[in-house]
Amino acid sequence: KKSKGDPKTGQEEESHTCCGCRFPLLFALLQLGLGIAVTVLGFLMAGSSSSLLVRDTPYWAGIIVCVVSLVGFVMLCISYQPDEKTCVQFTVKLMYFLLSALGLVACVLAVAFAAHHYLQMTKFTCDTILESCQCKLDTADPLGRTFIYQDAADCGSLTSMLNLYLLLQMVLNLIAALVCLSACFVMWKHRYQVFYVGVRFYPLIATEGQQQKV
């Protein structure tokens, strides 16, 4: 059994904690808050106009991030074992890593779709026709594509509201992507960095010390 003063035990406990708490806790809380915000905002966007595409209302990205946070909370409930000696602990950590990577991809896609839609809306010329907002990129082109936003009595208020929603989606999803990326990095570092340092660097240091003694 290892004593409390064993430096190796202290390193294991230190690598498992971050800022005084178990390291997934901070990421899980951030992911939960951001996921809920993105999901609620996505449903608000979908309610503002029934013609908006699913890619333009990225509640799906928020739901994925919320699922990732729930897996992080599950991981907190599992008693910690050094070197992942239990199958359940390894499975949950692997799921958290993979879902964080999936959340990263989803949030990046949501940012890209929102940015593309926002750039288009800055160039729109819109008119209200029969309780729908019809917008064109080039009014001089009779064959140009027309974007129709249903359930819009006022084009000005709708476009300004959608511009605000799209900006918020870009900011929130970008932050969520960074949080998921940080979670993946911390999980990788916690699992693998100690292995490479212990196997490759320590023997080299020991060899150099023996050469100096000779």
Side-chain angles (χ1 to χ4, degrees), residues 1-44 46 54-55 57-114 168-202:
K1 295 183 179 180
K2 297 178 181 178
S3 62
K4 294 183 179 179
D6 192 344
K8 191 172 182 180
T9 305
Q11 289 176 0
E12 289 177 351
E13 293 178 354
E14 184 179 358
S15 65
H16 187 60
T17 59
C18 177
C19 301
C21 63
R22 301 181 72 175
F23 75 84
L25 178 60
L26 178 61
F27 295 112
L29 289 174
L30 288 174
Q31 287 168 338
L32 182 61
L34 291 168
I36 292 174
V38 171
T39 303
V40 172
L41 191 57
F43 283 118
L44 288 176
V54 175
R55 69 181 186 184
T57 56
Y59 54 84
W60 37 272
I63 293 174
I64 293 174
V65 175
C66 288
V67 172
V68 177
S69 69
L70 294 179
V71 176
F73 288 126
V74 170
M75 184 164 55
L76 287 170
C77 298
I78 299 175
S79 58
Y80 175 69
Q81 295 291 334
D83 301 324
E84 299 170 358
K85 293 180 180 179
T86 61
C87 181
V88 175
Q89 180 180 339
F90 173 77
T91 303
V92 174
K93 290 179 73 173
L94 181 61
M95 286 180 57
Y96 183 72
F97 179 84
L98 294 177
L99 288 175
S100 293
L102 178 61
L104 171 62
V105 174
C107 290
V108 170
L109 287 176
V111 172
F113 290 141
L168 289 175
Q169 285 287 10
M170 284 188 282
V171 173
L172 291 174
N173 280 285
L174 182 60
I175 297 174
L178 293 175
V179 171
C180 289
L181 178 62
S182 301
C184 290
F185 172 75
V186 170
M187 292 292 292
W188 172 83
K189 181 180 178 181
H190 179 262
R191 177 64 181 88
Y192 292 107
Q193 189 176 24
V194 176
F195 173 78
Y196 285 121
V197 170
V199 172
R200 295 193 176 181
F201 292 159
Y202 286 169

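Keep in mind that this is a model prediction, so the values were computed, not measured. The figures here come from the full heavy-atom set of this structure, side chains too, leaving out hydrogens, waters and symmetry mates.
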Of all heavy-atom pairs between [X] and [Y], which one has the smallest distance, and what is that distance?
X	Y	answer
Phe97	Cys184	CE1-O, 3.4 Å
Ser182	Phe27	CB-CE2, 3.6 Å
Leu104	Ala177	CD1-O, 3.2 Å
Leu32	Phe73	CD2-CE1, 3.9 Å

What I'd like to find out is whether the side chain of [X] reaches to under 4.5 Å of the side chain of [Y], using heavy atoms alone.
X	Y	answer
Ile36	Thr39	no
Phe43	Thr57	no
Val71	Val92	yes
Cys107	Val65	yes
Val38	Tyr59	no
Ser100	Met187	no

Gap between atom [atom2] of [Y] and atom [atom1] of [X] - 0.5 Å precision:
X	Y	atom1	atom2	answer
Ile64	Gln31	CD1	CD	12.0 Å
Phe185	Cys180	CZ	SG	15.5 Å
Asn173	Met170	CG	CE	10.0 Å
Leu34	Leu178	CG	CG	10.0 Å

Where the side chain of Trp60 meets the backbone of Ala106, is there a donor-acceptor pair that is under 3.5 Å apart?
no
